[in-house]
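Below: one structure, written as structure tokens.
Sequential numbering from 1 along the given sequence is applied to the chain's residues.
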Amino acid sequence: MTSLAIKDLQKLPVRLTSGHRLCAGCAESIIAKQVMMGSEDDLVVSLSTGCFEVSTTVFPYTSWNVPYVHTAFGNGAATCAGVETAFNALKKKGKIKENVNFINFAGDGATYDIGLQALSGAMERGHRMVYVCLNNEAYMNTGIQRSSATTIGAQTTTSWPGSVSSGKKEFSKDLTAIMVAHNIPYVAQVSPHNWRDTVQKSQKAFACGGPAFINALSPCPRGWRFASDQTIAMAKLGVETCVWPLFEVVNGKYELTGESARIADGKAEKKPVMDWITSQGRYKHLLQDKNAPVIEQMQNEVDRRWNKLIKLTELD
């Protein structure tokens with residue numbers, strides 16, 4: 001596909017249908033549809049256990065119009081890599097003529113934590129597959145427990161605020177940087193509010209000829225505590241505050257994209273982290289005076305990572 005005109009995207013088959021049972025306002029189906037628009041070739045989907053899996057494959061129904069494999073929490077990347085390897089063997093024998101792309105969707109729990117070993121192995125071995133993390137920053141499917149993607153200060157069912165606690169004590173893991181360190185052809189961060197950016201990056205991921213990793217911000221109304229009609233606005237705010245910058249790394253070269261590029265160029269406003277905090281109920285305890293240092297910590301860390309990212313994009 002050479003054009004991102006709507007008329008071209010409409011020619012693609014519907015790969016994920018309506019009628020699934022995701023929560024109202026869930027961003028996961030939006031992200032998945034945008035990512036799959038990046039492939040004109042046939043797709044095989046591997047889907048790790050999580051919100052997306054349990055809501056789109058409620059027996060005896062399925063929302064998937066493509067070949068689909070359900071995997072456990074920890075082995076999504078390994079399953080996808082295995083299917084890709086089987087395809088390569090069959091194509092060498094002349095039993096398959098068509099081009100097929102392979103993709104694994106997983107939440108942050110199955111990516112940042114439980115499935116990290118399988119993901120690292122698949123990336124290191126060079127499998128031609130796209131791994132997409134639907135990052136809603138907690139184990140939402142099993143009761144909103146904290147993960148290593150959960151941000152500092154956030155309330156979850158395993159990081160309660162109270163007299164001796166201000167929510168999660170640790171900063172979130174920078175998994176995107178960990179994937180860049182694997183020296184794979186393509187790594188990117190995306191947000192569902194900027195569909196054009198997401199589709200463009202997905203096209204590059206499918207076309208890179210090797211392993212690719214896409215980390216997608218996936219706002220969760222239930223776990224983050226915001227109105228379900230504010231999902232896209234919340235995703236945009238994550239980018240505007242630089243909590244979730246939009247960028248890509250092509251063969252080791254960093255480049256800011258979308259609103260993040262405009263913020264770096266001074267053409268758009270970098271909003272304060274306080275805007276992010278006040279928009280979500282999971283942070284409401286941080287508005288107490290005693291928790292002001294946590295807000296300062298969060299702003300400082302966002303600024304540190306943002307400034308580091310800008311420096312990386314300036315390297316030739």
Side-chain angles (χ1 to χ4, degrees), residues 16 20-35 47-57 63 71 73-74 76 103-116 119 131-159 167-168 170-176 179 188-195 198 213-241 243-246 273 276-277 279-284 298 302:
L16 181 68
H20 53 71
R21 302 182 190 183
L22 288 164
C23 295
C26 180
E28 293 186 338
S29 61
I30 301 170
I31 296 165
K33 288 181 178 181
Q34 291 174 355
V35 170
L47 184 55
S48 301
T49 298
C51 291
F52 200 30
E53 176 267 321
V54 300
S55 298
T56 58
T57 59
S63 296
T71 77
F73 261 119
I103 185 168
N104 186 85
F105 291 105
D108 55 280
T111 304
Y112 280 60
D113 301 333
I114 305 173
L116 182 59
L119 170 58
Y131 189 107
V132 179
C133 176
L134 303 169
N135 187 0
N136 53 29
E137 299 186 349
Y139 289 86
M140 300 304 182
N141 178 50
T142 54
I144 318 177
Q145 298 91 354
R146 58 89 78 194
S147 78
S148 61
T150 308
T151 54
I152 189 171
Q155 174 184 322
T156 71
T157 54
T158 51
S159 60
K168 185 169 181 274
E170 304 83 12
F171 294 113
S172 58
K173 181 191 295 181
D174 190 352
L175 185 62
T176 308
M179 290 296 103
Q189 285 193 177
V190 302
S191 169
H193 84 278
N194 193 330
W195 67 268
T198 302
F213 177 81
I214 295 176
N215 208 348
L217 182 64
S218 184
C220 174
R222 180 68 183 88
W224 295 13
R225 303 293 194 267
F226 63 84
S228 59
D229 63 351
Q230 293 299 304
T231 299
I232 297 303
M234 198 63 59
K236 185 178 181 183
L237 184 60
V239 175
E240 292 174 333
T241 56
V243 168
W244 192 259
L246 298 178
V273 168
W276 181 249
I277 291 170
S279 69
Q280 300 163 45
R282 61 174 174 162
Y283 295 123
K284 65 179 182 180
M298 187 185 296
V302 168

Fill in: Worked check of side chain to side chain contact (heavy atoms under 4.5 Å, CB included) between Leu237 and Gln280
CA-CA 11 Å; Leu237 184 60; Gln280 300 163 45; 5.7 Å; no
Practice prompt. Start with the C-alpha gap between Asn135 and Leu175, add the side-chain angles, then the distance that decides, and say whether side chain to side chain contact (heavy atoms under 4.5 Å, CB included) holds.
Written response: CA-CA 11 Å; Asn135 187 0; Leu175 185 62; over 6 Å; no
Worksheet entry | Verdict with reasoning, Leu217 to Val243, per side chain to side chain contact (heavy atoms under 4.5 Å, CB included) | CA-CA 10 Å; Leu217 182 64; Val243 168; over 6 Å; no
Worksheet item: Should Thr241 and Val302 be marked as a side chain to side chain contact (heavy atoms under 4.5 Å, CB included) after you check the CA-CA gap, both sets of side-chain angles, and the distance that decides it?
Response: CA-CA 8 Å; Thr241 56; Val302 168; over 6 Å; no
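No donor-acceptor pair under 3.5 Å is formed between the side chain of Lys236 and the backbone N or O of His193. The backbone N or O of Asn136 lies less than 3.5 Å from a partner atom in the side chain of Asp108, making a donor-acceptor pair. Judged by distance alone, with hydrogens and angles left aside, the side-chain atoms of Ser228 form no donor-acceptor pair with the main-chain N or O of Cys23 at under 3.5 Å. Of the possible donor and acceptor atoms, one in the side chain of Thr156 sits under 3.5 Å from a partner among the backbone N and O of Ser159. Distance alone, capped at 3.5 Å, places no donor-acceptor pair between the Ser48 side chain and the Gly74 backbone. No donor-acceptor distance shorter than 3.5 angstrom exists from the side chain of Trp244 to the backbone of Ala216, with no hydrogens or angles considered.
Ile144 places a side-chain heavy atom less than 4.5 Å from the side chain of Arg222. Between Asn194 and Val239, the closest side-chain pair of non-hydrogen atoms is not below 4.5 Å. When side chains are defined from C-beta on, Trp224 counts as touching Glu137, because their heavy atoms get closer than 4.5 Å. Annotation: side chain of Phe226 is not in contact with side chain of Ser279 (no heavy-atom distance under 4.5 Å). At a threshold of 4.5 Å between non-hydrogen side-chain atoms, the residues Arg146 and Glu170 count as touching. Residues Ile232 and Ile30 have side chains in contact (heavy-atom distance under 4.5 Å, counting atoms from C-beta outward). The shortest distance between side-chain heavy atoms of Phe52 and Leu16 falls below 4.5 Å. The shortest distance between side-chain heavy atoms of Phe105 and Ile31 does not fall below 4.5 Å.
Between Arg282 and Gly223, the shortest heavy-atom distance links the atoms CB-O, 3.9 Å. Across Gln189 and Pro245, no two heavy atoms sit closer than the pair NE2-O, 2.8 Å. Minimum interatomic distance between Leu47 and Glu53 (heavy atoms only, all atoms of both residues): CD2-CA, 3.4 Å. Of all the heavy atoms in Met298 and Val273, the pair that sits closest is SD-CG1, 3.3 Å. Nearest heavy atom pair, residue Thr231 against residue Pro219, reads O-CG, 3.7 Å. Closest of all the heavy-atom pairs between Leu22 and Ser29 is CD1-CB, 3.7 Å.
Considering Thr150, Asp113, Thr158 in turn, Asp113 is the only one that fulfils the side-chain hydrogen bond (donor to acceptor under 3.5 Å, both in side chains) rule with Tyr139.
Ring orientation note: the planes of Phe213 and Tyr131 are close to parallel, at an angle under 30° on the 30°/60° scale.
Taken from OG in Ser218 to CD in Glu28, the straight-line distance is 4.5 Å, to the nearest 0.5 Å. Interatomic distance, His20 NE2 to Cys51 SG, rounded to the nearest 0.5 Å: 12.5 Å. In this structure, CG in Asn215 is found 7.5 Å from OG1 in Thr111, a value given to the nearest 0.5 Å. Atom OG of residue Ser191 and atom CD of residue Gln34 lie 8.5 Å apart, to the nearest 0.5 angstrom. Note that CG of Leu119 and SG of Cys133 are 9.0 Å apart. Values are rounded to the nearest 0.5 Å.
For the 3.5 Å distance criterion, the side chains of Tyr283 and Thr151 qualify, holding a donor opposite an acceptor.
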